[in-house]
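Heads up, the thing below is written out as structure tokens.
What you are looking at is a predicted structure, and each value in this text was computed from that prediction instead of being measured.
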Amino acid sequence: MFGIPGSGLSQKVRVNARKQFTIMTVTTHSARITGPLTYAKADSAKANIPIGACLVEQISGGLVNIVYGATGQSSAALPVEDVEAAAKQGHLVLLG
């Protein structure tokens with residue numbers, strides 16, 4: 001599981017398929033993209049998240065959401081394994 005001590009925690013409410021509310025805990029980290037971090041766009045084309053500041057949110061056991069852009073206007077959901085590999089390569093640096 002992707003996680004670093006001292007992270008921010010928040011809760012989001014979701015409605016499941018049976019129209020029941022569930023609470024999901026989201027772990028958020030401030031981070032910086034320092035090298036290529038590729039994701040699949042909606043049309044299946046590959047794109048890189050731009051180098052710069054971002055937020056890393058663990059949204060489920062298997063997915064991490066990277067929020068980026070000057071005002072946080074863009075995001076990409078990536079498998080935890082891809083994010084962990086980028087961190088090991090030094091392409092994603094978690095801050096403070």
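No side-chain heavy atom of Cys54 sits under 4.5 Å from any side-chain heavy atom of Ile49.
Once rounded to the nearest 0.5 Å, the distance linking CD of Glu57 with CG of Leu55 reads 6.5 Å. Put simply, CD on Gln58 and CG on Asn65 are 11.5 Å apart, with the number rounded to the nearest 0.5 Å.
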What donor-acceptor contacts under 3.5 angstrom involve side-chain atoms of residues 37-46, with partners at least two apart or in another chain?
from	atom 1	to	atom 2	distance (Å)
Thr38	OG1	Asn48	OD1	2.7
Tyr39	OH	Tyr68	OH	3.1
Asp43	OD1	Ala45	N	3.0

Please tabulate, for side-chain N and O atoms in residues 85-95, each donor-acceptor pair with protein atoms closer than 3.5 Å (sequence neighbours left out).
from	atom 1	to	atom 2	distance (Å)
Gln89	OE1	His91	ND1	3.4
His91	ND1	Pro36	O	3.1

Check residues 70-80 and write down every donor-acceptor pair under 3.5 Å in which the side-chain atom is one partner and the other belongs to a residue at least two apart or another chain.
from	atom 1	to	atom 2	distance (Å)
Thr71	OG1	Gln73	OE1	3.0
Gln73	OE1	Ala70	N	3.4
Gln73	OE1	Thr71	N	3.0

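Considering all non-hydrogen atoms of both residues, Ala31 and Val56 come closest at CB-CG2, 3.6 Å.
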